[in-house]
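Inspection log for the structure reproduced underneath, given as structure tokens.
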Protein chains: 2
Amino acid sequence: MKDFNHSVTHYFKQEAEQSIHYLSIDCVVFGFHEGRIRVLLLRWKGTSEWSLPGGFIRKAESVDAAAVRILRERTGLQQIFLQQFHIFGDAVRYNQEDTWQRIGLPVDLSKWSERTISLGYYALVEYAEVTPRPDLLTDACDWWSLEDLPNLLFDHNRIIAVALENLRRQLPYQPVSHLLPETFTMPELQRLYETILGRPLDARNFYKKVQASGILQRTDERRKGTPYKSPYLYRFDPGVYPEVVREGSLSFP
Amino acid sequence: MKDFNHSVTHYFKQEAEQSIHYLSIDCVVFGFHEGRIRVLLLRWKGTSEWSLPGGFIRKAESVDAAAVRILRERTGLQQIFLQQFHIFGDAVRYNQEDTWQRIGLPVDLSKWSERTISLGYYALVEYAEVTPRPDLLTDACDWWSLEDLPNLLFDHNRIIAVALENLRRQLPYQPVSHLLPETFTMPELQRLYETILGRPLDARNFYKKVQASGILQRTDERRKGTPYKSPYLYRFDPGVYPEVVREGSLSFP
DNA sequence: CCAAAAGTGTTGTAGATACACCCATGC
DNA sequence: GCATGGGTGTATCTACAACACTTTTGG
């Protein structure tokens, strides 16, 4: 325990020296598994309180690089699709006293800085490729389904809501391919779109529109081991999909 | 001149004390006049170099409030519609040596900070309501047409390009009413949409769609003093327009 | 053989496109 | 009266929504 106190103190001292004050990054890592959108959360050591992964920006590091570094440490992924979506810059973002109490850290974080401006990023990652890893301050890193999130620390419930709202609005411009494995079935892709948009889509019309857009290649294989009729496996066409994303030309009104 | 040197030094000293380091705000103020989109630019004292209006965030001030304060000083407007659109956070955003030389300031800005992360905001304002005012470091504040921008200081040409791209993409969700006077004609509104979207729209279909959306009230007056047929004057329906903006339901595919 | 999901056709309708035409006004 | 832009009507076509039906597979 004394060791822990010492390393936490050391961590914040080091961050204070090499990182930019008043500024932090919070990352909403979106994954997709069993028909649900998931986000990666961390549980703070010795508590049952959860928060988003985040961190600070080194003085000579680009903001995007900082977000990549933070998520690499949390997920083990080398390549990560990231999108900045909002600046959370209110002078008072949450009840600080209450938060410090819930975290119960040995160091007084209120001295770290009076307020923090947070740059919100969301990531789209392939659920199965992630190996969640907690950091120094946390002892668990797990996927949570969007529908049953706990009451998070800081203003992180709001950050997730804003991230989802942004993802929804900009869906035609976002490479959702990152949320799926190399090959996947058409119903899986439809489920993904339905979950993000929050409303059902007509299967027939979805098939037609997706096929007309040309973003998919149908493989000769079918998904085995499932009950009922085995669906074809598709992959994104790397010669077509990026262009469709850039133009934002695949949308579901 | 000695007075100027002194006040500039004082300005930066004060900012260094009361503002957040490494962080700044840059504002792209969009106006619409004579069928063209304009942006507000400042000319640095004793030079012919232009840049966007910008400033710093006070330690206990919300980021949005800082942007409002900065623009209030530059435009004289009390109410300003603002939208954050991007974080410019590369470790090296522009050639610093070249820039300091072009600005030719008495103080060495390179000591102010090694790098700056800039929060990009754009504003939609009513051209005629703005009284452009330069600040301490500049001796002119003027509207420039988007088509013939000069080579700006810092990475401000890129910032404007990104702002416009964001405005374009999110047009259905943005209250363009702020870009127009209280009353305006249908062709003027069409010109605005065409200019932002960068492509012509069919007048008949534009009329039909706008009228069907219900966002406009037609007044009994017509614009006088114009050559040719005098067009009706419209105003935005405050009971309908905000809802249409929130839903993003008025778009031109 | 039955239940459940995958995959394909068809049709009516709403909205977009592409026109054509008349109206009002200044010169 | 003529050039120019404002304002309205309509035919055509495309794209979407809403269906029904067949196919495949595990139990």
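These numbers were taken from a predicted model, which means no experiment stands behind them. To find a chain, count down the sequence lines: A is the first, B the second, and so on, and within it residues start at 1.
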Considering residues at least two apart in sequence or located in another chain, which fulfil the ring-ring contact (aromatic ring centres under 6.0 Å, His included) criterion with A:F236? A:F184, A:Y241
Is any side-chain N of the basic residue among A:R43 and A:D139 closer than 4.0 Å to the acidic one's carboxylate O? yes
Residues 155-165 of chain B, side-chain donor-acceptor partners within the protein, below 3.5 Å, at least two apart:
from: B:D155; atom 1: OD1; to: B:R93; atom 2: NH2; distance (Å): 2.9
from: B:D155; atom 1: OD2; to: B:R93; atom 2: NE; distance (Å): 2.9
from: B:D155; atom 1: OD2; to: B:R93; atom 2: NH2; distance (Å): 3.4
from: B:H156; atom 1: ND1; to: B:L52; atom 2: N; distance (Å): 2.9
from: B:N157; atom 1: OD1; to: B:L152; atom 2: N; distance (Å): 2.7
from: B:N157; atom 1: ND2; to: B:P150; atom 2: O; distance (Å): 3.2
from: B:E165; atom 1: OE2; to: B:R169; atom 2: NE; distance (Å): 3.2

Tell me, please, which residues at least two apart from A:Q84 pass side chain to side chain contact (heavy atoms under 4.5 Å, CB included). A:D64, A:Y121, B:H86, B:I87
Under 4.0 Å protein heavy-atom contact, by nucleotide of nucleotides 4-11 of chain D - B base, S sugar-phosphate only: BBBSBBB-
Is A:E221 atom CD crowded by more than 12 heavy atoms from other residues, nucleotides or ligands, each under 6.0 Å away? no
Estimate the overall bend of the helix from C:dC1-D:dG27 to C:dC27-D:dG1 from the end axes over five pairs each, rounded to 10 degrees. 0°
Chain A contact limits on DNA chain C, taken 5' to 3' with a cut-off of 4.0 angstrom to heavy atoms: C:dA4 to C:dT10
Quick one, which residues of residues 240-251 of chain A touch DNA chain C with a heavy atom under 4.0 Å? none
Indicate every side-chain donor-acceptor pair of residues 67-82 of chain B with a distance under 3.5 Å to a residue at least two apart or in another chain.
from: B:R69; atom 1: NE; to: B:E61; atom 2: OE2; distance (Å): 2.8
from: B:R69; atom 1: NH2; to: B:F56; atom 2: O; distance (Å): 2.8
from: B:R69; atom 1: NH2; to: B:E61; atom 2: OE1; distance (Å): 3.0
from: B:R72; atom 1: NH2; to: B:Q78; atom 2: O; distance (Å): 3.4
from: B:R74; atom 1: NH1; to: B:R133; atom 2: O; distance (Å): 2.9
from: B:R74; atom 1: NH1; to: B:P134; atom 2: O; distance (Å): 3.4
from: B:T75; atom 1: OG1; to: B:L71; atom 2: O; distance (Å): 2.6
from: B:T75; atom 1: OG1; to: B:L77; atom 2: N; distance (Å): 3.1

Tell me, which pairs form a side chain to side chain donor-acceptor pair (under 3.5 Å) where one or both residues lie in residues 196-206 of chain A, sequence neighbours left out? A:D202-A:N205
Provide the full list of side chain to side chain donor-acceptor pair (under 3.5 Å) pairs with a residue in residues 182-194 of chain B, sequence neighbours left out, each pair given once. B:E182-B:R235, B:E188-B:R223, B:Q190-B:E194, B:R191-B:E194
Measure the shortest side-chain to side-chain distance between A:Y232 and A:M186 over non-hydrogen atoms and say whether it is less than 4.5 angstrom. no
Side-chain donor-acceptor distances from residues 24-34 of chain B under 3.5 Å, at least two apart:
from: B:S24; atom 1: OG; to: B:S118; atom 2: OG; distance (Å): 3.4
from: B:D26; atom 1: OD2; to: B:S118; atom 2: OG; distance (Å): 2.6

Name every donor-acceptor pair, under 3.5 Å, that has one atom in a side chain of residues 244-253 of chain B and the other anywhere in the protein, sequence neighbours excluded.
from: B:R246; atom 1: NE; to: B:E243; atom 2: OE1; distance (Å): 3.4
from: B:R246; atom 1: NH2; to: B:E243; atom 2: OE1; distance (Å): 2.6

Donor-acceptor under 3.5 Å (B:R168 side chain, B:I196 main chain): yes
